[in-house]
Amino acid sequence: MDEETLLKEYNRSRQLIEEQEDDLKSIQKKSERLLEDTLEELHYVLRDIAVDNEAFNQAKWEMEQENAQFEEQILQETKALQKKEEEAESIYRSKLKEL
């Protein structure tokens with residue numbers, strides 16, 4: 001394998017990882033918007049039928065807990081992608097030294 005082929009492989013690998021990172025960021029933003037929209041809609045629906053805000057506050061708390069777990073999963077995926085990127089670079093440098 002020559003240096004040009006090795007560089008192309010490395011760049012392709014990085015591109016795929018960057019696309020996955022972009023996908024995660026997009027998913028995270030959509031999740032945040034969905035949570036906000038859902039809470040607004042829930043507040044609108046419950047304000048007319050609830051005596052107090054307890055039902056809304058409980059639902060909000062539960063949704064925020066679920067969202068926190070989702071955010072943690074996103075963080076773990078981001079860390080895994082960063083590790084893949086570091087490994088790809090390490091492999092590239094190692095193979096480059098072998099040439």
Side-chain angles (χ1 to χ4, degrees):
M1 179 180 302
D2 65 349
E3 188 173 341
E4 184 178 335
T5 304
L6 187 59
L7 183 58
K8 284 181 183 179
E9 260 184 32
Y10 170 67
N11 285 334
R12 179 67 184 141
S13 176
R14 286 207 43 182
Q15 181 183 5
L16 290 173
I17 292 169
E18 288 172 4
E19 287 172 4
Q20 291 173 335
E21 288 173 336
D22 290 344
D23 288 346
L24 280 177
K25 289 175 186 174
S26 175
I27 290 168
Q28 186 174 21
K29 286 181 182 181
K30 286 179 184 177
S31 169
E32 291 168 359
R33 282 194 305 269
L34 180 61
L35 177 62
E36 289 173 14
D37 292 347
T38 304
L39 287 173
E40 284 179 27
E41 183 69 23
L42 185 61
H43 187 269
Y44 175 76
V45 168
L46 290 178
R47 76 174 180 188
D48 293 335
I49 61 173
V51 175
D52 57 22
N53 282 335
E54 187 176 336
F56 173 75
N57 290 336
Q58 179 65 29
K60 179 180 177 185
W61 182 83
E62 288 177 16
M63 291 173 69
E64 288 173 343
Q65 295 301 310
E66 290 294 324
N67 191 60
Q69 290 176 355
F70 180 73
E71 292 287 331
E72 181 62 29
Q73 289 175 334
I74 293 287
L75 179 62
Q76 295 302 319
E77 290 295 324
T78 301
K79 287 180 181 179
L81 288 174
Q82 289 171 346
K83 186 174 180 176
K84 280 184 180 180
E85 193 170 0
E86 290 169 2
E87 289 171 356
E89 184 173 348
S90 177
I91 290 169
Y92 167 72
R93 293 189 185 284
S94 175
K95 288 182 177 181
L96 191 60
K97 286 180 182 179
E98 292 175 6
L99 293 179

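- D22 CG to I27 CD1: the interatomic distance, rounded to the nearest 0.5 Å, is 11.0 Å.
- For the pair E21 and K25, the salt-bridge criterion is not met [side-chain N within less than 4.0 Å of a carboxylate O].
- Listed by first and then second residue, the salt bridge (charged side-chain N to carboxylate O under 4.0 Å, His left out) pairs involving residues 67-96 are R14-E85, E89-R93 (not counting sequence neighbours).
- Of all the heavy atoms in L46 and A55, the pair that sits closest is CD1-C, 4.0 Å.
- One finds the CG atom of L6 at 9.0 Å from the CD atom of E98 (value rounded to the nearest 0.5 Å).
- Cluster annotation: I17 and I74 are assigned to the same hydrophobic cluster (Ile/Leu/Val/Met/Phe/Trp/Tyr, side-chain heavy-atom contacts under 4.5 Å, transitive).
- At most 12 non-hydrogen atoms from other residues, nucleotides or ligands lie less than 6.0 angstrom from CD of E3.
- The distance from atom CG of L34 to atom NZ of K29, rounded to the nearest 0.5 Å, is 16.0 Å.
- When the side chains of ILVMFWY residues are joined at heavy-atom separations under 4.5 Å, either directly or via intervening members, L96 and Y10 end up in a single hydrophobic cluster.
- Heavy atoms only, all atoms of each residue included: I49 and V45 are closest at CG1-O, 3.7 Å.
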Requested in this report: Report the C-alpha separation of L16 and E19 in whole Å, then their side-chain angles, then the decisive distance to 0.1 Å, and conclude whether the side-chain contact (heavy atoms from CB on, under 4.5 Å) test is met.
Outcome: CA-CA 5 Å; L16 290 173; E19 287 172 4; 3.9 Å; yes
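- The ring pair (Phe, Tyr, Trp, His ring centres under 6.0 Å) contacts involving residues 26-82 comprise H43-F56, where partners must be two or more places apart or lie in separate chains.
- Every residue two or more places apart in sequence or in another chain was checked for a salt bridge (charged side-chain N to carboxylate O under 4.0 Å, His left out) with E64, and none qualifies.
- Atom CD of E40 is separated from atom CG of D37 by 6.0 Å, given to the nearest 0.5 angstrom.
- Listed for the N67 side chain is no donor-acceptor partner under 3.5 Å among the backbone atoms of M63.
- For the 3.5 Å distance criterion, the side chains of Q69 and Q65 fail to qualify, holding no donor opposite an acceptor.
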Query raised in the report: After noting the C-alpha distance and the side-chain angles of E54 and Q58, does the key distance pass the side-chain hydrogen bond (donor to acceptor under 3.5 Å, both in side chains) rule?
Result: CA-CA 6 Å; E54 187 176 336; Q58 179 65 29; over 6 Å; no
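- In this structure, the side chains of E4 and L7 stay at 4.5 Å or more apart for every pair of heavy atoms.
- Side chain to side chain, T5 and D2 meet the donor-acceptor criterion of an N or O pair below 3.5 Å.
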Requested in this report: Any chance you could lay out the side-chain contact (heavy atoms from CB on, under 4.5 Å) test for Q82 and T78, step after step, and finish with the verdict?
Outcome: CA-CA 6 Å; Q82 289 171 346; T78 301; 3.9 Å; yes
